[in-house]
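Input: a single structure, listed below in structure tokens.
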Amino acid sequence: MEQYEPDRLSPAQEAAVRRSFRNGRAALSRRSLLRASAGGALAVGGLGALSACGIPPAGNTQGGVPAEDHSKKEKSVSFSNWTEYMDVDEAGREHPTLDAFAERTGITVKYTEDINDNTEFFGKIKPQLAAGQDTGRDIIVLTDWLAARLIRLGWVQKLDPANLPNAFANLSPQFRSPDWDPGRAYSYPWQGIAAVIAYNKKALDGVEVRTLSDLLDNPRLKGRVGLLTEMRDTMGLTLLDMGKEPEKFTADDYDAALARLQRAVDKGQIRRFTGNDYTADISKGDFAACVAWAGDVVQLKADNPDIDFLIPDSGYMMSSDNLLIPNKARHKTNAERLIDYYFEPQAAAQLAAYINFVCPVEGVKDELAKIDEDAANNPLIIPDKAMQAKSRAFRSLSSKEETEFEEKFAKLTGA
């Protein structure tokens, strides 16, 4: 089991935290006018950042420790999620899918929107997790890098497949086996977060864009290209463009990709590295093309007919926000039943229609079409098999790699 070591953040990691709060994926609520679509994941990656929280090493903490399950006697479940990450009724007061679950099962859901950022939320629950105590929550939703960290620390419970028949059967293939949780023994995805290339047709003025290389090399796009401050998305797409696998790359591969981007920076090809604020640049045409999150592109396209997106032949980056059950949760079985419920196509469709992220549930398209046909036919919400096949994930990093890679990326972006 990994030890929890209270190291300090490196300067590069501190800069990544500041970027995320200022204009990255932690900066906006889930359904702001232009949706911030990526789970509040800090570029810190959860290794160095979390180790700065100042708690003792967890050497005496056993991993995957369940409490006595009170699910049969206590018909309740406590669910902590990100703000604006659940369907609501027209009045904005009720959550129809949660209400339907409660009516069917008799299980009352205490739903709390108390996650605004991965590291901030971890600070709320780390003392109990480190001490082997109940956090007061049965389900939490964390971005993949932090989910991986908690699994390695042994602070979340192994799921019972017997309580998850829909989740097992209906999980989309592209989310089935991340390297940090092979076979989804400890987690299931809540929503997917895709990083693609967006472009403004009017601003391109006839320039053909098909790959990331087109953004980095075409002199007609000089000074009109945007890349993300999120290291995993920008570096992952660059590695793919260079024929490298983001799931298996080496330190030398990473350095070569950095050098590739540095050349583009040096010749003025890249206007700037941004967080979610690229939405204004691409809409106005200050960016002719940029790396963008799918949740934003859905809304951008709806608001501006000049905006569109492309998936490079080399692939695109996918991360996820994930459902986990922390150690000592009182209602594990009830929590598993709620997780499984959201892998039923009808419930998944209602959720997808509202939040417009990448739905991780296979076979949901027909149900979604009954609610919103445009959403059902949008590959940024329901990827077809060809698009699923191009989905790639950034591999897990060691603490040493995290620090080194972030420091190098910070120098590149000028953070």
For the residue pair [X] and [Y], what are the closest heavy atoms and their distance?
X: Arg184; Y: Ser320; answer: NH2-OG, 4.0 Å
X: Lys201; Y: Pro305; answer: NZ-O, 3.2 Å
X: Ala335; Y: Ile325; answer: CB-CD1, 3.7 Å
X: Cys359; Y: Ala348; answer: SG-CB, 4.2 Å
X: Arg271; Y: Asp281; answer: NE-OD1, 4.5 Å
X: Gly136; Y: Ser78; answer: O-OG, 3.2 Å

Would you indicate whether the side-chain heavy atoms of [Y] and [X] approach each other to under 4.5 Å?
X: Arg260; Y: Asp217; result: yes
X: Val291; Y: Leu212; result: yes
X: Trp293; Y: Val196; result: no
X: Tyr316; Y: Ser391; result: yes
X: Thr333; Y: Asn163; result: yes
X: Leu216; Y: Ile270; result: yes
X: Ile197; Y: Cys290; result: no
X: Asn166; Y: Tyr341; result: no

Derivation and outcome, side-chain contact (heavy atoms from CB on, under 4.5 Å), residues Leu261 and Thr234
CA-CA 9 Å; Leu261 293 177; Thr234 293; 3.8 Å; yes
Using a cut-off of 6.0 Å, state whether more than 12 heavy atoms not belonging to [X] lie near its atom [atom1].
X: Arg210; atom1: CZ; value: no
X: Lys124; atom1: NZ; value: yes
X: Gln133; atom1: CD; value: yes
X: Phe168; atom1: CZ; value: no

Given 3.5 Å as the limit, does a donor-acceptor pair link the side chain of [X] with the main chain of [Y], or not?
X: Asn377; Y: Glu373; answer: yes
X: Asp277; Y: Gly275; answer: yes
X: Ser398; Y: Glu401; answer: yes

Between [X] and [Y] (salt bridge meaning N to carboxylate O under 4.0 Å), is one present in this structure?
X: Arg232; Y: Asp144; value: no
X: Lys301; Y: Asp308; value: yes
X: Asp114; Y: Arg137; value: yes
X: Lys73; Y: Glu68; value: no
X: Glu344; Y: Arg104; value: yes
X: Glu404; Y: Lys408; value: no
X: Asp313; Y: Lys390; value: yes

About how many Å separate [atom2] of [Y] and [atom1] of [X], when rounded to the nearest 0.5 Å?
X: Met86; Y: Glu113; atom1: CE; atom2: CD; answer: 8.0 Å
X: Asp87; Y: Glu94; atom1: CG; atom2: CD; answer: 11.0 Å
X: Phe121; Y: Ile115; atom1: CZ; atom2: CD1; answer: 4.0 Å
X: Lys72; Y: Asn334; atom1: NZ; atom2: CG; answer: 11.0 Å
X: Leu237; Y: Met242; atom1: CG; atom2: CE; answer: 13.0 Å
X: Leu368; Y: Gln346; atom1: CG; atom2: CD; answer: 12.0 Å

So Ser314 and Asp241, side chain to side chain donor-acceptor pair (under 3.5 Å) or not? Walk me through it.
CA-CA 6 Å; Ser314 58; Asp241 191 67; 4.7 Å; no
Identified side chain to side chain contact (heavy atoms under 4.5 Å, CB included) counterpart of [X] within the set [options]:
X: Asn170; options: Asp340, Val361, Val364; result: Val361
X: Trp82; options: Ile355, Leu142, Asn118; result: Asn118
X: Asp69; options: Lys332, Glu336, Arg330; result: Lys332

Under a plain distance cut-off of 3.5 Å, with no hydrogens placed, do [Y] and [X] share a side-chain donor-acceptor pair?
X: Asn304; Y: Ser283; answer: no
X: Asp384; Y: Gln388; answer: no
X: Asp181; Y: Ser187; answer: yes

Apply side-chain contact (heavy atoms from CB on, under 4.5 Å) to residues Leu324 and Val141 and explain how you reach the verdict.
CA-CA 6 Å; Leu324 305 105; Val141 181; over 6 Å; no
Centre-to-centre under 6.0 Å for [X] and [Y], is that the case here?
X: Phe122; Y: Trp145; result: no
X: Tyr342; Y: Tyr188; result: no
X: Tyr199; Y: Phe287; result: no

Carefully, step by step, assess Lys385 and Glu362 under the rule salt bridge (charged side-chain N to carboxylate O under 4.0 Å, His left out).
CA-CA 10 Å; Lys385 292 190 181 301; Glu362 191 81 350; 3.3 Å; yes
Of Phe394, Phe405, Phe409, which meets ring pair (Phe, Tyr, Trp, His ring centres under 6.0 Å) against Tyr254?
Phe405
Looking at Phe249, is Arg395 sitting on its ring face, NZ or CZ under 6.0 Å from the six-membered ring centre and within 45 degrees of the normal?
yes
For Arg272 and Thr229, run side chain to side chain donor-acceptor pair (under 3.5 Å): C-alpha distance rounded to whole Å, both residues' side-chain angles, the deciding distance at 0.1 Å, then the answer.
CA-CA 9 Å; Arg272 65 191 185 105; Thr229 55; over 6 Å; no
Could you check Asp253 against Lys248 for salt bridge (charged side-chain N to carboxylate O under 4.0 Å, His left out), going step by step and ending with a plain yes or no?
CA-CA 10 Å; Asp253 294 334; Lys248 300 178 181 179; over 6 Å; no
Where do Phe357 and Leu351 land on the side-chain contact (heavy atoms from CB on, under 4.5 Å) test, with the steps shown first?
CA-CA 9 Å; Phe357 281 66; Leu351 186 64; over 6 Å; no
Are Phe79 and Asp138 close enough, and set up right, to give a side-chain contact (heavy atoms from CB on, under 4.5 Å), and what steps lead you there?
CA-CA 6 Å; Phe79 184 179; Asp138 300 304; over 6 Å; no
